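Keep in mind the model is a prediction, meaning the values are calculated, not measured.
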Amino acid sequence: MSVNKQPGVWEGFKAFLMRGNVIDLAVAVVIGAAFTNIVNSVVKGIINPLVGAVGTKNLDSYSSCLESPCRGSGTTATGISLMWGSVLGATLSFVITAAVVYFLMVLPMAKFLARQAARQKAKEGTHEVIEVSELEVLKEIRDALVAQRGPGRREY
């Protein structure tokens with residue numbers, strides 16, 4: 001009677017860690033966290049002052065009152081206040097992050113991969129042309145040999 005030994009938890013964990021996508025994901029999270037600081041600085045240093053030219057520099061101070069009186073903040077606040085300025089600031093941060101990721105990472109990589117695929121396809125296309133032309137040459141040689149044998153010879 002043979003006993004099938006299943007891999008242990010430690011071996012499974014090591015195999016999980018050694019797959020390439022776990023390392024890639026960890027790097028992406030670290031880079032994303034560092035990139036978030038840059039985007040937040042751009043929003044606070046450039047976007048907020050541009051918005052401040054029209055109103056206030058702090059987007060968090062934009063709000064609307066649903067139920068009066070809207071006074072105070074935190075636990076002492078009265079009324080119902082919608083803080084749409086903070087949502088606008090978070091949305092701007094997201095849009096800027098998405099734009100930078102797309103234009104600086106995704107678009108160049110897509111163009112690079114498209115060029116690489118076109119080169120590979122062109123390379124494969126030349127091989128097919130060469131193979132087809134070699135096949136045609138071999139057919140012509142065969143036909144020439146058959147024609148040289150003449151009508152009276154037997155083919156094996």
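Taken to the nearest 0.5 Å, the CG atom of Leu138 stands 11.0 Å off from the CG atom of Asp143. Atom CG of residue Leu135 and atom CD of residue Glu140 lie 10.5 Å apart, to the nearest 0.5 angstrom.
With a 4.5 Å cut-off between side-chain heavy atoms of Ile, Leu, Val, Met, Phe, Trp and Tyr, the cluster of Phe94 takes in Val95.
There is a path of hydrophobic side-chain contacts, each under 4.5 Å, that joins Phe103 to Val106.
Within 6.0 Å of the OH atom in Tyr102, the count of heavy atoms belonging to other residues, nucleotides or ligands does not exceed 12.
Looking at residues two or more places apart in sequence or on another chain, you find a side chain to side chain contact (heavy atoms under 4.5 Å, CB included) between Gln116 and Phe112, Leu113. When the side chain to side chain contact (heavy atoms under 4.5 Å, CB included) test is applied to Ser86, the partners found at least two apart in sequence or on another chain are Asp60, Met83.
Considering all non-hydrogen atoms of both residues, Ser64 and Trp84 come closest at OG-NE1, 3.1 Å.
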